[in-house]
Amino acid sequence: MYLPVDVAHGHWQKHPMIRYLIANWKMHGDRAAVTAYGAAIAQKMKTAPPTLHCVFCPPMVLLEAAQPKVKSGTSFSIGAQNCHQEPQGAFTGETSAAMLKDLGVRYVIIGHSERRAMGEDDATVMAKARSAIASQLTPVICIGEPREVYEAGGTASYLDKQISLLKSLDVEKYLLAYEPIWAIGSSQTPKMAEISAAHRHIKTVLGSRVPVLYGGSVNVGNIGEILALPEVSGALIGGASLEIERMVAMIDIACQLKG
Ligand code: PGA
């Protein structure tokens, strides 16, 4: 599929659409599981089209166990689930973007709702995103509304607050993940038309070139329909990404999509 990617700038360029499948393991796994998973997914991605990118985000302490399976230049990469905004310093227990880069990490999830629930605010999310970009990592910046906002029809204005700050970032340097908080780990998703509408709204504000992924209860049964939406550039997958078989099945579905 070829999408107009530069509408915001008044002319239409054509680029093949890149799709991302990001496996967010949250606080799950051990060295053996991460090593086996990295090997299996790296092998699977050898036959995937170059327009499909897969990013494996294990817990911080397991990044190195996943890393040896990744060859540079393939479309399989390792991502972290968080970083600190400062390059170094007296921040006990924290990890800087530069340290992740040094380890061979290429992506970092920033501002996941589970971290926002631990007190991470928009200003910190922005500082972390800038720090990731400065270290040549690609931040995957998460946004999304709580259930009561969704039920009151307030999704667009809630997202506006979260994305207004992002206007200052170069759209070539980050990915955005739209994850309705109520859909995460709940087996509930918005209707396809609602996912489309939210993604279109985000692109109206930030420009059509920003890749927007969907996250929240993505699984083998719904990923095909979600990825087929023209506004959706991929999926951020939690629970359903934990098993090799289910992740491989989702990669297969993504590989079969046109364009
Ligand atoms: P889920 O999690 O797929 O288990 O809903 C998604 C996420 O939190 O990124």
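Atoms within a ligand are numbered from 1 in the order they appear, just like the ligands themselves. All values derive from a computational prediction rather than experimental measurement.
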Colleague: Considering only the protein, which heavy-atom contact is closest to atom 3 (O) of ligand 1, and what is its distance?
Modeller: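 Checking every protein heavy atom, the shortest distance to atom 3 (O) of ligand 1 gives Gly238 N, 2.8 Å.
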Colleague: Mark the output for Ser217 as yes if a heavy-atom distance to ligand 1 is under 4.0 Å, and as no if none is.
Modeller: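 Yes, that is the case, since the closest heavy atom of the residue is under 4.0 Å from the ligand.
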Colleague: Between Leu175, Val171, Thr138, Val140, which is the residue that forms a side chain to side chain contact (heavy atoms under 4.5 Å, CB included) with Pro211?
Modeller: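 Of the listed options, the one satisfying the test is Leu175.
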Colleague: Would a 4.5 Å heavy-atom cut-off, applied to side chains only, mark Thr155 and Glu194 as touching?
Modeller: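 The answer is no; the side chains never approach within 4.5 Å.
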Colleague: Salt-bridged, Lys26 to Glu114, with N to O below 4.0 Å?
Modeller: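 Salt bridge present between Lys26 and Glu114.
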Colleague: Find out whether Ile253 and Leu227 are in side-chain contact, i.e. whether some heavy atom of one side chain is under 4.5 Å from a heavy atom of the other.
Modeller: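 Not in contact.
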Colleague: Does Asn24 approach ligand 1 within less than 4.0 angstrom via side chain, backbone, both or neither, non-hydrogen atoms only?
Modeller: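 Only the side chain of Asn24 comes within reach of ligand 1.
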Colleague: Write out the residue and atom name of the closest protein heavy atom to atom 2 (O) of ligand 1, then the distance separating them to 0.1 Å.
Modeller: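 Minimum-distance protein heavy atom for atom 2 (O) of ligand 1 reads Lys26 NZ, 3.3 Å.
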Colleague: Taking distance alone, with N or O pairs closer than 3.5 Å, would you say His112 contacts ligand 1?
Modeller: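 Indeed, backbone or side chain, His112 has an N or O that close.
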Colleague: Which of parallel (below 30°), tilted (30 to 60°) and perpendicular (above 60°) describes Tyr214 and His199?
Modeller: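 The rings of Tyr214 and His199 sit tilted, inter-plane angle from 30° to 60°.
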Colleague: For atom 7 (C) of ligand 1, what is the nearest protein heavy atom, given as residue, atom name and distance?
Modeller: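 For atom 7 (C) of ligand 1, the nearest protein heavy atom is Glu179 OE2, 3.1 Å.
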Colleague: Below 4.5 Å, heavy atoms only, C-beta onward: do His112 and Glu179 meet side chain to side chain?
Modeller: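 Answer yes - side chains close enough.
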Colleague: Does ligand 1 have an atom that lies less than 4.0 angstrom from a heavy atom of Gly216?
Modeller: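 Gly216: in contact with ligand 1 (<4.0 Å).
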Colleague: For atom 4 (O) of ligand 1, grab the closest protein heavy atom and report residue, atom and distance to one decimal in Å.
Modeller: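 Looking only at protein heavy atoms, the one closest to atom 4 (O) of ligand 1 is Gly239 N, 2.8 Å.
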Colleague: Report, in ascending order of atom number, the atoms of ligand 1 lying under 4.0 Å from any heavy atom of Leu236.
Modeller: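 That gives atoms 9 (O) of ligand 1.
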Colleague: Is there a polar contact, in the sense of an N or O pair closer than 3.5 Å, between Ala240 and ligand 1?
Modeller: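 There is no such contact.
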Colleague: Are Arg115 and Val125 packed together at the side-chain level, in the sense that at least one heavy-atom pair is separated by less than 4.5 angstrom?
Modeller: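 Of all side-chain heavy-atom pairs linking Val125 with Arg115, none is under 4.5 Å.
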